[in-house]
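Report on the following structure.
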Amino acid sequence: MIKAVKGTRDLLPPSTEVWNRVESVAREVFRAYNYHEIRTPILEETELFARGVGGETDIVTKEMYTFDDHGTSLTLRPENTASVIRAYIEHRLDQKPGVQKLYYMGPMFRRERPQKGRYRQFFQIGAEAIGSDSPLIDAEVIEMVVEILQRAGLSGFKLLINSVGDGNCRPQYVEQLREELKDAAPKMCGDCQRRAETNPLRVLDCKVEPDQPIIDALPSILDYLCEPCRLHFEKVKQFLTDRGIEYEVRPRMVRGLDYYMRTTFEVVHGSLGAQNSVLGGGRYDGLAESLGSKIHSPGIGFSIGEDRLVMSVEGEQTNVPLDLFIAPLGDAAVRHTAVMARDLRRGGFAVELAEGKLKRAMEIANKLGARFVMIVGDNEMAAGRYALKNMASGEQLQLTQDEIAAALAVASN
RNA sequence: GUGGGAUUAGCUCAGUCGGUAGAGCGCCAGAUUGUGGUUCUGGAAGUCGUGGGUUCAAGCCCCACAUCCCACCCCA
């Protein structure tokens with residue numbers, strides 16, 4: 001038997017109802033904040049991600065689906081920010097008035113070992129605001145994403161923020177960190193000893209308990225921010241407080257992508273096991289230039305792990321009701337009710353039309369959770385009044401088509 | 001890439017000492033005429049993850065692989 005490839009999965013009803021609800025909630029919120037949808041290709045030249053995401057990151061070095069296409073190296077997108085910036089540059093969106101506010105949703109691909117909340121094809125809902133370095137935009141983006149989570153029905157999540165500095169101050173911090181790790185690292189876990197060499201910032205993210213006091217003693221990035229970065233971060237926090245958004249500053253929070261600078265943020269939720277991050281985002285003021293933009297195009301964005309959000313929200317069952325199940329008796333009734341079904345469906349009702357024995361039709365209607373069953377035989381057709389049975393109460397009335405539509409309308413409110 | 005657990009009917013799972021499979025739920029069909037839920041009866045459905053090995057005989061023992069789950073790494 002052929003099965004879905006490792007790390008990918010089929011999304012089936014009723015789960016897809018939850019996915020759709022999450023997506024439509026996101027679209028509503030995006031609209032309210034004046035964001036517009038962008039759809040970029042799932043395939044890009046490999047070079048885009050190497051330059052955008054960072055050639056030394058794990059994503060690029062070992063997690064991408066890359067193949068040769070007649071001499072050109074192509075890659076299934078592992079994330080979407082680089083693509084959006086590429087499109088922004090390619091189509092000269094910098095020439096458009098104001099900040100470009102773009103959102104997207106769709107599949108991403110990373111060749112990682114699958115795990116709870118982690119798949120090789122996973123879905124992200126994200127947005128990018130390009131063309132402003134104002135902290136006001138940072139706060140608005142964060143406000144927007146919190147709004148999406150809340151309206152999607154997520155509760156009990158925690159917003160973490162940090163500033164990772166810029167090309168001016170971060171190198172100095174990393175240098176200092178390296179210096180202190182020369183003494184500290186040998187006392188730490190094996191992973192940290194390795195990280196101290198390869199990626200010192202990652203040491204801060206270590207979860208090994210005995211290492212924590214050592215990490216606490218290491219310098220904080222926040223003490224090394226240059227004046228512009230420090231001011232920017234202060235304003236972001238101030239704007240968040242103005243909005244009544246609760247956050248926690250996590251100077252040790254490190255992000256996996258090279259392009260982040262200044263503001264970074266993350267939302268975590270307890271229901272997700274080890275993959276507790278629902279969303280990550282941050283500012284990337286140098287990304288556009290590194291992808292070839294001639295003009296400075298600072299931006300900030302985020303992406304929600306939709307698989308994880310759906311997982312956290314899925315508890316509350318959204319069942320989509322079937323308004324009417326039609327049970328025609330005989331060929332003439334089938335033809336007659338097919339036309340009625342079309343009219344009622346045009347009226348916006350969810351209608352199922354069946355053939356076969358009445359008893360069987362009733363069983364199916366019951367299993368589908370139909371609110372009403374309409375029974376139509378020769379008697380009904382002759383009278384122009386149809387038997388409408390309320391499945392919850394068992395009450396059955398003889399009604400005209402218009403009266404049936406009215407009854408369905410009342411019930412669906 | 002590393003480690004641990006799992007894999008038997010559509011689903012959740014039993015399966016004794018090695019003797020070629022069971023339950024519950026679900027599905028389908030009946031219990032006289034055009035009426036669901038409860039009940040009763042019957043039925044279909046399994047290459048026991050795949051491929052090897054041991055054995056007279058393997059769901060069960062051995063090996064390899066695959067997939068899923070959990071964790072590490074890393075990350076949404």
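Throughout, a chain's letter reflects where its sequence line sits, starting with A, and its residues are numbered from 1. Small disclaimer: the values here were computed from a predicted structure and weren't measured.
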A/Y103 and A/F30 aromatic ring geometry - parallel, tilted or perpendicular at 30°/60° bounds =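 Parallel.
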inquiry  = Measuring only between side-chain heavy atoms, which start at C-beta, is A/F233 closer than 4.5 Å to A/K237?
reply    =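 SC-SC contact between A/F233 and A/K237 confirmed.
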Indicate, with a heavy-atom threshold strictly under 4.0 Å, whether [X] touches base, sugar-phosphate, or nothing.
X	answer
A/Y119	base
A/V278	sugar-phosphate
A/G7	sugar-phosphate
A/E306	nothing
A/G126	nothing
A/E79	nothing
A/L279	sugar-phosphate
A/N379	base

Donor/acceptor link under 3.5 angstrom from [X] side chain onto base of [N]:
X	N	value
A/R118	B/C74	yes
A/E363	B/A29	no
A/K6	B/U67	no
A/K357	B/G34	no
A/E380	B/G34	yes

From [options], pick the nucleotide closest to the side chain of [X]?
X	options	value
A/K3	B/U67, B/A76, B/U35	B/U67
A/M391	B/G34, B/G36, B/A76	B/G36
A/P114	B/G34, B/C69, B/G36	B/C69
A/I364	B/C74, B/C28, B/G34	B/C28
A/R360	B/A29, B/G34, B/A76	B/A29
A/R113	B/G37, B/U35, B/G3	B/G3

* Return the minimal non-hydrogen interatomic distance between A/F239 and A/A139, and the atom names on each side. =>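 Heavy atoms only, the tightest pair is CB-CB, 3.4 Å.
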### Task
May I ask you to establish whether A/R283 and A/Y260 are in a cation-pi arrangement, using a distance under 6.0 Å from NZ or CZ to the six-membered ring centre and at most 45° from the ring axis?
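Judged by the rule, A/R283 and A/Y260 form no cation-pi pair.
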* Should A/Q115 be listed as having a side-chain N or O under 4.0 Å from OP1 or OP2 of B/C72? ->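 So the side chain of A/Q115 is within the cut-off, an N or O lying under 4.0 Å from OP1 or OP2 of B/C72.
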* Asked: Looking at A/K367, does any N or O in its side chain come under 4.0 Å of the phosphate oxygens OP1/OP2 on B/C27?
  ->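 Checking B/C27 against A/K367, a side-chain N or O does come within under 4.0 Å of OP1 or OP2.
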State the pairing partner of [N]; accept Watson-Crick or G-U wobble contacts with both distances under 3.5 Å, and report none otherwise.
N	result
B/U33	none
B/U2	B/A71
B/U55	none
B/A64	B/U50
B/U16	none
B/C27	B/G43

Using salt bridge (Lys or Arg N to Asp or Glu O under 4.0 Å), reason through A/K101 and A/E140 one step at a time and then give a plain yes or no.
CA-CA 11 Å; A/K101 293 170 147 187; A/E140 188 182 272; 2.9 Å; yes
Margin query: If I pick the C1' atom on B/C60 and the same atom on B/G49, what distance separates them, to the nearest angstrom?
Written below: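 My reading of the C1' atoms in B/G49 and B/C60 gives 16 Å.
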Discussion item. Is there a side-chain hydrogen bond (donor to acceptor under 3.5 Å, both in side chains) between A/T263 and A/D138? Walk through the geometry before answering.
Written reply: CA-CA 7 Å; A/T263 312; A/D138 299 38; 2.6 Å; yes
Report task. Report the C-alpha separation of A/R86 and A/E44 in whole Å, then their side-chain angles, then the decisive distance to 0.1 Å, and conclude whether the salt bridge (Lys or Arg N to Asp or Glu O under 4.0 Å) test is met. Result -> CA-CA 10 Å; A/R86 193 222 80 231; A/E44 296 276 1; 2.4 Å; yes
